[in-house]
Amino acid sequence: MTDLEIAKAATLTPIVDIADKAGLKEDQIEMYGKYKAKVNVTGLKNQSIEGHKLVLVTSINPTPAGEGKSTVLVGLGDAMNQLDKQTMIAMREPSMGPVMGIKGGATGGGYSQVIPMEDINLHFTGDMHALTSAHNTLMALVNNYLQHDNALNLDPRRIIWNRVEDVNDRTLRNVITGLGGVTQGIPQESSFDITAASELMAILCLASDLTDLKARIGKIVVGYTHDKVPVSVAELGFEDAITILLKDAFKPNLVQTLAHTPTLIHGGPFANIAHGCNSVIATKTALQLADYTVTEAGFGADLGAEKFLDIKRPVLGKTPDVVVIVATVRALKYNGGQSVKELTTENIDALNAGLPNLQRHMQNIQSFGLPTVVAINRFTSDTDAELNLIKEYCAAQGVTAVITESWGKGGDGTLDLAKEVVQLTTKPANFTSLYEADDTIEAKLNKIVTNIYHGRSVSLTKKAQNQLKTFAKNGWDKLPVCVAKTQYSFSDDAKRLGAPTDFDVEIREFVPKIGAGFIVALAGNVMTMPGLPKQPAALKMKIDAQGEITGLF
């Protein structure tokens, strides 16, 4: 059966009952049909999270074959509830880009998935649309300001706020707007990012409440004056209007797994071009309601987990008690040089060659001082020899590796992992920061590249060097750094698989995200507006006269 067929065969529990199971009163949820709801977190604002456990699920570098990180995440949450550990899941919302493109959805798979799957992977409660509209409304307001007033002397050539769209469209990466004469606006070069990369997405995912949301929106820098002075949204007076457009999207979404585990899905920044974590408000809500919260960080641990620990953790005010690193036999063989077409064939030599990739991720998480466990997401083609090799290799590194079968068996196939996770939460987590808050941007970058990627150094283009001088002048030179780079490699070259060491990471330019509270460093040729593949997933999707959908994963 496909993921969609499994989801359609499921019996859903009314969301009011899921809310009750999570400890939410009826007046704390806003219904979006029978099986989805928004959570009004106001009544939970001062509820303590002291003593509640946080489990972070990350992975090795992803491959075209897929690793099933979200599937393990959901299976783990279900399994912990089977162990009578009151558990909630907090994860990101899917974006139309991957859904219509190549990666797929973000609700897990098989018998470890979140439902209603079709709704979540398509329009859900409209959060992505609200973010897209709010972002583009701000652009419209800025352009209107340029046309009619421009009292602050904004330079049309130095507008750094652009537009966004929630689907991959490479033709919009670089555009010219305002053509057609004086009444059509001022001609200027512009661009589109995917909504997942919007600063408003980052702000929604890092804000602690509506007041903080509005304050962060007010800090957004939309551009510079002719004298190169930064201009913020607050100076233009648009912060209330944009906040109003996001007031409902700011509330976390409550749904359920196939096993009826309460799940909060909220926010969807990609980890390769953004900070890759679901919202602080959703994670904190889960922590307030449950004894254990299982959450995620996008893509490999070099991206998502690093950003969770260096960007999200200080805002959340809670360090993970355990980190789960998801690995697969086939992904490790791919990193060891085996072709995608041959990944289902046993190859001990390729597996041995790929294991250093897993080792590096384990070492990186251990360097933060956090208890670590490896989840081997088992596929039917995996052999006992391959699985045992990974377990023995991890044991030699002082890390337990547990085989999971989340896709085919749900929580039942993830019980061993859940038992190991619960046991590890009893151990102290002596967290050590990668960098200090008062380190410069360049110093932080060097620590990320040398300590997490294990590269030689960072190189900056002339443009990036000049930007750092501007940032220092504006007081932005001590902000955290969010590296945007390929997810397939520790380096900035997607083809350098395994665990490379002899490389430098080039930062071609920086993007200040002052409202979000970090600086984005664009490495290599990473794109903030991806393109669709030659055969997009959209081609497989069908709908009949009764509205029945097929081909959605």
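Applying the side-chain hydrogen bond (donor to acceptor under 3.5 Å, both in side chains) test to every pair with at least one member in residues 285-296, sequence neighbours left out, gives these pairs: Arg92-Glu296, Asn278-Thr295. A side-chain hydrogen bond (donor to acceptor under 3.5 Å, both in side chains) check over residues 415-434, counting only residues at least two apart or in different chains, returns nothing. Sorted by first then second residue, the salt bridge (Lys or Arg N to Asp or Glu O under 4.0 Å) pairs that include residues 110-122, not counting sequence neighbours, are Lys36-Asp119. For residues 314-328, every residue pair satisfying the side-chain hydrogen bond (donor to acceptor under 3.5 Å, both in side chains) rule, not counting sequence neighbours, is listed here: Lys318-Asp321. For residues 263-281, no pair satisfies salt bridge (Lys or Arg N to Asp or Glu O under 4.0 Å), with sequence neighbours left out. Residue pairs that meet the salt bridge (Lys or Arg N to Asp or Glu O under 4.0 Å) test with at least one member in residues 124-133, sequence neighbours left out, are Lys38-Asp127. Applying the salt bridge (Lys or Arg N to Asp or Glu O under 4.0 Å) rule to pairs touching residues 250-269 yields Glu30-Lys251, Asp248-Lys251, sequence neighbours excluded.
Partners of Asp17 according to the side chain to side chain donor-acceptor pair (under 3.5 Å) rule, which considers only residues two or more places apart in sequence or in another chain, do not exist here. Asp20 pairs by the side chain to side chain donor-acceptor pair (under 3.5 Å) definition with nothing, not counting sequence neighbours. Scored by the side chain to side chain donor-acceptor pair (under 3.5 Å) test, Glu165 finds no partners at all (sequence neighbours excluded). Among residues two or more places apart in sequence or in another chain, the salt bridge (charged side-chain N to carboxylate O under 4.0 Å, His left out) test is passed with Glu405 by Lys409. Every residue was checked against the side chain to side chain donor-acceptor pair (under 3.5 Å) condition with Lys513, not counting sequence neighbours, and none meets it.
The backbone N or O of Ala297 lies less than 3.5 Å from a partner atom in the side chain of Lys69, making a donor-acceptor pair.
Side chains of His135 and Asp193: a donor-acceptor N/O pair is absent below 3.5 angstrom, by distance only.
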